[in-house]
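Below: one structure, written as structure tokens.
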Amino acid sequence: INRYPLDQLAGSIDIPATSSLRPVSALELSAKSSESFNSYEKPSNVTIRDGKLPEMSSGRWTLRMKPCSIYMLEFAL
């Protein structure tokens, strides 16, 4: 979860190198501010879309999150 409206957030997921887990899908919820919400008048203030899969870097899965966003990742064996 990145609650900051101005800054991207770098994150990493530490899964042992021997693990066979691999990312298979990602969803991203995002908005212009952390106080945004959808309403009948503005149903698209918070959007959901396919997100970018994390990349392997120095033995960790890493990703960069957009401001005011939530990422949901699915890993498979």
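The shown structure was predicted, so the numbers you read here are calculated from the model rather than taken from an experiment.
In this structure, OG on Ser12 lies 11.5 Å from CZ on Arg64, to the nearest 0.5 angstrom. Taken to the nearest 0.5 Å, the CG atom of Asn2 stands 10.5 Å off from the CD atom of Glu28. For the atom pair Ser69 OG and Leu29 CG, the distance stands at 8.5 Å (nearest 0.5 Å). Of the inter-residue distances, the one linking Arg22 atom CZ with Trp61 atom CH2 reads 5.0 Å to the nearest 0.5 angstrom.
Scanning both residues, Leu53 and Val24, for their nearest heavy atoms gives CD2-C, 3.9 Å. Contact detail for Pro5 and Cys68: the closest heavy-atom pair is CA-SG, 3.3 Å. Closest heavy-atom contact between Pro54 and Leu73: CD-CD2, 3.8 Å. A pairwise comparison of heavy atoms in Asn45 and Phe37 identifies ND2-O, 3.0 Å as the closest pair.
Taking hydrophobic clusters as Ile, Leu, Val, Met, Phe, Trp and Tyr residues chained together by side-chain heavy-atom distances below 4.5 Å, Phe75 shares a cluster with Tyr71. The hydrophobic cluster containing Ile1 does not contain Ile13, counting ILVMFWY residues as joined when their side-chain heavy atoms lie under 4.5 angstrom apart, directly or transitively. Linking ILVMFWY residues whenever their side-chain heavy atoms come closer than 4.5 Å, directly or via other members, places Leu9 and Leu63 in the same cluster.
For the pair Thr62 (side chain) and Glu55 (backbone), a donor-acceptor distance under 3.5 Å is present. When atom types are taken as modelled, the side chain of Ser57 and the backbone of Arg60 share no donor-acceptor pair closer than 3.5 angstrom.
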Checking side-chain contact (heavy atoms from CB on, under 4.5 Å) for the pair Ser30/Arg49: CA distance, chi angles, key distance, verdict?
CA-CA 9 Å; Ser30 61; Arg49 64 180 62 96; 3.0 Å; yes
Given side-chain contact (heavy atoms from CB on, under 4.5 Å), test Glu74 with Leu27 step by step and report yes or no.
CA-CA 9 Å; Glu74 178 183 8; Leu27 292 175; over 6 Å; no
